[in-house]
Amino acid sequence: MLKGKTAVVTGGTRGIGFAIVKKYLENGANVAIAGSRQETVEKALNQLPEYKDRIMGIWPNLSSPEEVADAFHSVKEKFGSLDILANNAGVSSRTSLYDFTIEEFRKIMDINVTGVFVCSQAAARIMKDQGGGVIINTSSMVSLYGQPSGCGYPISKFAVNGLTKSLARELAKDQIRVNAVAPGVTRTDMVSALPQEMVDRISAGIPLGRVGEPLDIANGFLYLASDLASYVTGVVLHVDGAAMT
Ligand code: NAD
């Protein structure tokens, strides 16, 4: 479904991002894994030896326009284009408002919002020159309902939805589609570390009766990146088993 395309996946070293990387590779794309550190990027690359000709690693500071632009140009140089950007890197929080420090608030905004803005700008500049592309952001179910603690996290995901809808309208004239996937509770490291009893309790509250797997979310990223979604832009696709927090 993505043969000949090139994708950058931020936060691609583990969890949902790593599932997107694998899904895009299986579907023929070249993929650049963007992580926070060279060491974790190399660890992820080493897990995909069968795709070594179609993968590379980058580790720019996602809130630095210069570092991100340089890294994205190196991807275009290696593979010839940059067609898909999955803005997936993110950090969450459960801190109470009473204990929330300004440093923690700024860190969340820096990665979850500024990072998405900076990466979208750098990719859109390349995509516009190429005649089009696709940007897909990782939102969250908390962007609908908020959450009862850690308010910086839902605030950042409401902003991701705002960026998604605004950039979809602004970039449509350049044939760049912009969408988001909003996962529900998904079995990444954090959920895997919970006792089974707690996972069962969470699952019981989800209409489809289970937590999401990274593959469920990656399938949404594949659909939105592919030509099957050629007339879809400005959408926040909820992949959450109809969960409501
Ligand atoms: P994770 O913690 O397993 O992975 C997060 C990824 O982001 C990692 O690869 C990490 O290296 C990267 N990252 C964090 N800070 C970074 C930085 N400063 N620079 C570059 N990369 C950085 O989490 P995950 O569950 O796979 O989360 C991926 C995305 O999905 C996030 O945006 C998260 O908000 C969202 N999400 C997750 C869930 C869930 O239940 N797991 C639910 C809804 C939304």
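Indexing begins at 1, ligand by ligand and atom by atom, following the structure's order. As the structure is a computational prediction, the values presented were derived from the model and not from experiment.
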Would a search of protein heavy atoms around atom 9 (O) of ligand 1 find one under 4.0 Å away?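 So far as the 4.0 Å threshold goes, atom 9 (O) of ligand 1 is in reach of a protein heavy atom.
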Atoms in ligand 1 with a heavy atom of [X] nearer than 4.0 Å:
X	answer
S139	44 (C)
T138	29 (C), 30 (O), 32 (O), 35 (C)
V185	40 (O)
K157	32 (O), 34 (O)

For the backbone of A229 and the side chain of R177, can you confirm whether one donor and one acceptor N or O come within less than 3.5 Å of each other?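 Yes, the answer is positive, given that a donor and an acceptor are paired below the 3.5 Å cut-off.
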Who's the nearest protein heavy-atom neighbour of [atom], and how far?
atom	answer
atom 21 (N) of ligand 1	A89 CB, 3.6 Å
atom 25 (O) of ligand 1	T188 OG1, 3.1 Å
atom 2 (O) of ligand 1	R14 NH2, 2.9 Å
atom 11 (O) of ligand 1	T13 OG1, 3.7 Å

Picking from M127, Q130, K76, what satisfies side chain to side chain contact (heavy atoms under 4.5 Å, CB included) with D83?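 The single option meeting the side chain to side chain contact (heavy atoms under 4.5 Å, CB included) with D83 is Q130.
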Out of T233, V116, L171, N179, which one pairs with I135 under the side chain to side chain contact (heavy atoms under 4.5 Å, CB included) rule?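 Output: one option passes, namely L171.
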Check this for me - ligand 1, I16, N or O atoms closer than 3.5 angstrom, yes or no?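 Checking ligand 1 against I16, an N or O pair does fall under 3.5 Å apart.
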Any [X] heavy atom less than 4.0 Å to ligand 1:
X	result
Y153	yes
R187	no
D189	no
G184	yes

Would you say that more than 12 heavy atoms from the other residues, nucleotides or ligands in this model lie under 6.0 Å from the NZ of K22, or not?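 Count not over threshold, so no.
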Looking at E197, I want to see if its CD is surrounded by more than 12 non-hydrogen atoms of other residues, nucleotides or ligands under 6.0 Å.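 It does not: E197 CD has 12 such atoms or fewer within range.
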Any link between [X] and [Y] through a network of hydrophobic side chains (Ile, Leu, Val, Met, Phe, Trp, Tyr) touching at under 4.5 Å?
X	Y	result
M109	V91	yes
L224	F18	yes
I217	L215	no

Please work out which of [options] has its closest non-hydrogen atom nearest to [atom].
atom	options	value
atom 39 (C) of ligand 1	T10, T186, V160	T186
atom 12 (C) of ligand 1	P214, A243, G11	G11
atom 14 (C) of ligand 1	G90, S36, G212	G90

Step by step, work out the side-chain hydrogen bond (donor to acceptor under 3.5 Å, both in side chains) result for S120 and N87. CA-CA 8 Å; S120 299; N87 275 316; 3.1 Å; yes
Just by distance, with hydrogens left out, do Q196 and D200 show a side-chain donor and acceptor under 3.5 Å apart?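 Yes - a donor-acceptor pair under 3.5 Å links their side chains.
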Part of M141 with heavy atoms under 4.0 Å of ligand 1, whether side chain, backbone, both or neither: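 Neither part.
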Can you tell which part of N88 has a heavy atom less than 4.0 Å from ligand 1: side chain, backbone, both or neither?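 Contact part for N88 vs ligand 1: both backbone and side chain.
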side-chain hydrogen bond (donor to acceptor under 3.5 Å, both in side chains) with T138: which of T10, N88, N112?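 When side-chain hydrogen bond (donor to acceptor under 3.5 Å, both in side chains) is applied between T138 and each of T10, N88, N112, only N88 qualifies.
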If I compare all heavy atoms of M56 with all of V75, which pair ends up nearest, and what's the gap?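 Where M56 meets V75 most closely, the heavy atoms are SD-CA, 3.8 Å.
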